[in-house]
Visitor: 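Before I ask anything, let me first share the structure, which is written out below as structure tokens.
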Amino acid sequence: MLFNYQEFLDGINRDAYHEGEWQWEEDGYTVTRTYTYSAPGCHDSCGVLMYTKNGKLERVEGDPLDPCANGRLCMRCLNLPEGVNYEQRPKHPMKRAGKRGENKWTEISWEEALETIATWIRVNIDEAGLGRESIFVNHGTGRNISSWVPFLGGACLGTPNIGAIGFSGYSCYLPRTCGTAAGIGDFPIVDASETHEDRYNNPEWLPPEVIVIWGCEPLKSNADGFLGHWLNVCLQMGSKLVVIDPQLTWLGAKADFWLPLRPGTDLALALAWLNVITTEELEDKEFIELWCAYYDELKEHVAQFTPEWAAEICQIDAELIRKSARFYAKASRGAIQWGLAFDTQVDSIQLCQTVSNLMSVCGNIDKPGTNILVRNGFEINPGYATAQLYCPEETFAKKLTVDLVHPNCVQFIGMADCDAVNRAFESGRPYPIKMFWSQGSNGITCSATASGRVFKMLQNIEFCVVADPYLTPTAVAFADIFLPLKTTAERDSMRVWWTPLRAMKGVSEWYDAKSDEELVIALGLKLNPELFQKRWPTMDALKQDYLDTGFNIYDEQTGKSYRSAGRSKAGRIEVADAHTNYYHKHKDNGDGTYDNLVQRGGYEYDDFCATYRKYEKGMLRPDGSPGFATPTGRIELVPFITFGAWGIEPYATHRESISATRWLNDAEYKAKYPFICINGTRSYEFFHSENRQQKTMREFHPWPLVKVSSQTAKEYGISDGDWLWLENSEGRCRQKAVIDPTLNPNYVHAEHGWWFPEAKPEFPHLFDSFECNINNLTHSYETGPGGIGNPLKSICCRIYKCTKENMSPTPGEVITKLNGYRNNFIACEPFARDLAYDSTCNINKDVIKDTPLADVFGDGSSLDTIYGNKKGE
Amino acid sequence: MTKGILINYEFCTGCHSCEVACKKELGLDFGEFGIKLEQVGPYKYQTGDLSEKWEWTYLPVLTKACTMCEDRVKTGKMPACVQHCQAWCMYFGDVEDLARKIDGSSRCALMTGAVTS
């Protein structure tokens with residue numbers, strides 16, 4: 001083995017990298033040791049050395065003395081100066097001068113911008129007798145998701161309606177956190193030594209023997225606070241791989257087992273793995289005996305799900321399922337790295353719970369080299385909970401919740417329900433949305449499923465504010481006021497996502513831009529001055545309260561403490577102490593400030609995440625007794641109580657999406673749409689819709705790429721680089737072909753998040769955002785049990801080559817000028833009731849289909865009965 | 001002593017960090033590289049012991065523009081590509097030391113530039 005961590009540490013010239021200093025002068029530059037987050041960024045924060053000159057970011061290097069990333073840095077952060085110094089980056093707040101979509105703006109002051117917003121809300125919402133719930137606040141991912149924008153929504157704007165626009169089924173991460181919390185009570189991540197400051201040298205740590213990479217490409221996605229390349233070190237230290245993915249990845253090519261299952265069938269596979277493990281008695285009997293509940297019930301339930309049964313559904317070999325299940329179960333240390341695919345299936349919540357069960361029955365919980373249980377460092381938990389702490393209870397009661405679209409479901413997530421929000425926009429029920437606040441999100445280009453439909457519903461919004469570092473297609477299409485935000489290089493901020501706590505120090509300047517944090521203060525002082533003057537009048541006060549209470553409430557006069565009643569609950573509850581562990585750790589020495597954190601090098605690990613076998617030590621339950629944070633104190637392999645309360649069937653069963661059901665059973669449908677279109681796989685160059693302005697990223701990755709198999713290329717006469725149309729009933733988009741000889745001929749794979757900052761901004765172009773948007777083909781309102789999971793990564797489509805004759809009308813023309821690909825959308829129905837879009841016929845025929853969507857299964861059953869949503873208890 | 005870069009390319013993930021770090025260090029223009037990633041595969045072997053196994057290999061190649069980061073190295077820093085290698089598969093040093101590091105446990109390539117110091 002060539003990898004040697006101690007040799008690496010010993011080899012670093014610590015003088016050259018200025019150990020112990022956080023800022024110094026070097027060759028005419030000021031160098032700052034800090035962390036990046038976003039924007040542009042990702043879910044991670046790597047230690048960097050920022051080189052600035054005269055307030056301008058000139059160069060970024062990785063910091064070899066940072067234990068999180070050890071100086072290793074991805075191409076996006078290496079190229080950060082191109083994003084930060086992008087010439088067309090807005091410099092000042094702007095108000096719209098022409099019509100929406102004309103891209104005509106007038107620069108204004110922050111005072112005018114904030115006054116305009118405050119006046120609009122006062123006149124059109126407050127004095128009009130409406131409630132603040134008629135404001136919807138939209139945020140993106142990575143940056144700020146867990147704290148700043150939800151906090152702004154609750155504390156500044158006073159609305160409970162915060163979330164992701166058009167993002168049916170909360171199809172990112174929330175299904176995993178909730179699905180696993182139901183059974184385990186905490187969240188498991190792969191242990192690649194990331195919780196220890198001494199990393200791979202930690203005396204307790206051991207690399208996993210087997211790592212299962214399931215539904216993700218972690219090297220490229222670095223999702224959910226986990227740097228994918230940590231796993232590459234584990235491989236060098238001997239970890240073996242199982243890769244479960246419809247398409248071959250580089251990791252898949254290195255794996256002992258690659259399981260190329262049909263997209264959307266992961267639960268069938270997981271149930272079959274449980275079947276193999278329980279029938280062959282490969283489970284960890286001692287762990288189950290001591291720490292799990294309902295094993296017999298689980299075993300009895302999965303007895304029906306044989307590898308042969310799953311093989312037919314997943315379209316892989318039964319023996320491959322058996323062998324790979326044994327390989328994971330027999331490993332002394334197994335760890336499962338799960339990805340976004342878990343959240344984008346209609347059986348998502350049960351899939352997440354079932355794969356948690358795989359970890360549990362094999363005893364791979366919270367031991368070195370397994371899936372360890374982690375929480376936010378120092379129990380600093382700003383986010384949805386504390387956002388809603390400051391939303392008035394009577395307003396909170398009007399939150400758009402899942403039961404509005406799925407009457408039998410129960411809201412258990414902090415976000416407003418995405419489809420309930422869609423419905424309010426589309427139908428005005430239960431009340432109309434009047435104002436759209438979008439911050440750090442480019443919805444119509446990126447995350448909004450059914451992009452054309454979302455465009456249509458947002459057109460009617462009365463007032464729109466977009467806050468972003470860049471003028472995005474979303475801003476051009478809808479913004480009445482545009483607020484320029486700082487990038488990661490300019491902002492003072494902090495993050496907790498597991499461990500360590502990290503500080504980002506602003507090092508450069510960009511005209512009038514404000515950071516998300518500064519915007520919270522400015523807007524709060526304008527709209528909610530009583531609260532903000534008392535709690536957060538300045539950045540220093542805001543940063544300190546983040547560290548001290550995570551925005552919970554400590555009343556100095558009474559000495560009483562209050563916390564949020566819960567992520568999806570209104571109001572506050574009194575607790576013994578609202579202070580964070582960070583406050584307690586540092587209060588005696590008085591060194592618990594943001595500046596102290598920056599000057600100590602910008603990071604601090606906490607002990608909780610670094611401790612193994614927390615369930616033995618009484619660290620997980622509020623009462624301090626051993627066990628897990630579940631109702632029974634044991635891992636509940638069948639989560640009767642929690643799923644029961646959420647209205648979800650506790651026994652998992654596999655379901656197919658509407659499109660998959662048709663594709664499998666309806667020969668005519670399959671002939672029309674022969675391909676399953678996987679989409680959204682990440683690339684090294686881009687984080688979602690970010691980085692497209694950067695010349696160097698586009699040098700490596702100039703165009704959106706659609707993968708087709710060699711067989712498909714031959715059948716359709718496709719060469720590498722040909723532009724292809726991808727099309728289904730909902731619309732079409734085009735991407736450039738790349739022939740992948742390893743791809744199943746039934747599948748194509750399209751990229752997401754593309755826009756072209758060099759293209760024309762005004763309608764119908766919108767930076768050509770709709771031309772290549774795979775979400776022209778996805779749909780909303782189809783979710784699984786609990787209202788969770790939209791099958792957006794396994795849609796069906798056909799393909800054909802772009803020709804001069806078939807280029808018009810372009811997707812941008814159709815969506816922005818011709819009223820969209822589909823008409824007659826009925827709120828709560830996934831597909832429109834007009835004739836399905838078809839390039840060979842005229843668009844927008846107002847013909848009601850013979851078969852309304854709810855009857856696609858021919859038995860008159862509603863989606864709720866199809867997906868088994870039960871009444872909550 | 002001739003300096004070299006050892007690439008444990010069994011574990012090169014193709015992440016492009018070396019290429020971009022180098023472009024920034026040397027100020028290279030669009031399309032120019034001091035180190036350039038090359039790729040073999042992916043394909044499945046049909047013959048021999050490797051039948052049914054996948055090939056998917058990356059290897060970054062030093063170009064004429066590579067200076068072995070002579071100026072950086074003089075100040076005690078690592079070459080830009082080695083410092084930023086996400087895959088943790090690059091090492092810098094005297095070629096004799098690097099050659100000794102190769103232990104036959106994985107596929108390695110030892111490259112030098114034309115610069116000695």
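When reading the values below, keep in mind they use all heavy atoms of this one structure, side chains included, and skip hydrogens, waters and symmetry mates. So that the names make sense, note that chain A is the first sequence line, chain B the second, and so on, each numbered from 1.
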Visitor: Given that the side chain runs from C-beta out, which part of B:S105 has a heavy atom under 4.5 Å from chain A: side chain, backbone, both or neither?
Guide: side chain

Visitor: Between A:E61 and B:E25, is there a side-chain heavy-atom distance shorter than 4.5 Å?
Guide: yes

Visitor: Please classify the contact of A:Y17 with chain B as side chain, backbone, both or neither, using a heavy-atom distance under 4.5 Å.
Guide: side chain

Visitor: Just give me the residue among B:G14, B:A21, B:C108, B:G76 that pairs up with chain A most often, heavy atom to heavy atom, under 4.5 Å.
Guide: B:G76

Visitor: So which residue, B:D103, B:L6, B:T57, B:I102, ends up with the most heavy-atom pairs under 4.5 Å with chain A?
Guide: B:D103

Visitor: If I measure from the heavy atoms of chain A, does B:C12 come under 4.5 Å with its side chain, its backbone, both, or neither?
Guide: backbone

Visitor: In terms of the angle between their ring planes, are A:W250 and B:Y58 parallel, tilted or perpendicular, with boundaries placed at 30° and 60°?
Guide: tilted

Visitor: Checking heavy atoms, do the side chain of B:K23, its backbone, both or neither come under 4.5 Å from chain A?
Guide: side chain

Visitor: Can you find a heavy atom in the side chain of B:W54 that is under 4.5 Å from one in the side chain of A:W258?
Guide: yes

Visitor: List the steps, then state whether side-chain hydrogen bond (donor to acceptor under 3.5 Å, both in side chains) holds for A:E7 with B:Y91.
Guide: CA-CA 11 Å; A:E7 186 182 278; B:Y91 303 86; over 6 Å; no

Visitor: Can you give me the closest heavy-atom contact between B:H84 and A:G71, atom names plus distance?
Guide: CD2-O, 3.4 Å

Visitor: Quick check for you: among A:L248, A:T742, A:T696, A:L219, which has the greatest number of heavy-atom pairs under 4.5 Å with chain B?
Guide: A:L248

Visitor: Flag the one option from A:G11, A:P741, A:C74 with the top tally of heavy-atom pairs under 4.5 Å to chain B.
Guide: A:C74

Visitor: Using every non-hydrogen atom in the two residues, find where B:V82 and A:R72 come nearest and quote the distance to one decimal.
Guide: O-NH1, 4.0 Å

Visitor: Of all heavy-atom pairs between A:L73 and B:Q86, which one has the smallest distance, and what is that distance?
Guide: O-CG, 3.7 Å

Visitor: Which pair of non-hydrogen atoms, one from B:W56 and one from A:T249, has the smallest distance, and what is that distance?
Guide: CZ3-C, 3.4 Å

Visitor: At a heavy-atom separation under 4.5 Å, does A:E217 approach chain B through its side chain, its backbone, both, or neither?
Guide: neither

Visitor: What are the two closest heavy atoms between A:K695 and B:D29, and how far apart are they?
Guide: NZ-OD1, 4.2 Å

Visitor: Within the 4.5 Å heavy-atom criterion, are B:E10 and A:Q236 side-chain neighbours or not?
Guide: no

Visitor: Which bit of B:F33 is near chain A, if near means a heavy-atom gap under 4.5 Å: side chain, backbone, both or neither?
Guide: side chain

Visitor: Where on B:C18 is there a heavy atom nearer than 4.5 Å to chain A: the side chain, the backbone, both, or neither?
Guide: neither

Visitor: Show the numbers, then the answer: is there a side chain to side chain contact (heavy atoms under 4.5 Å, CB included) between A:L235 and B:F11?
Guide: CA-CA 8 Å; A:L235 293 191; B:F11 296 101; 4.0 Å; yes

Visitor: Is chain B contacted by the side chain of A:K254, its backbone, both, or neither, given a heavy-atom distance below 4.5 Å?
Guide: side chain

Visitor: Side chain, backbone, both or neither: which part of B:T75 has a heavy atom under 4.5 Å from chain A?
Guide: backbone

Visitor: Any ion pair linking A:E26 and B:K77 (charged N to carboxylate O, less than 4.0 Å)?
Guide: yes

Visitor: Side chain to side chain contact (heavy atoms under 4.5 Å, CB included) between A:Y684 and B:T13: does it pass, once the steps are laid out?
Guide: CA-CA 11 Å; A:Y684 286 118; B:T13 58; 3.8 Å; yes

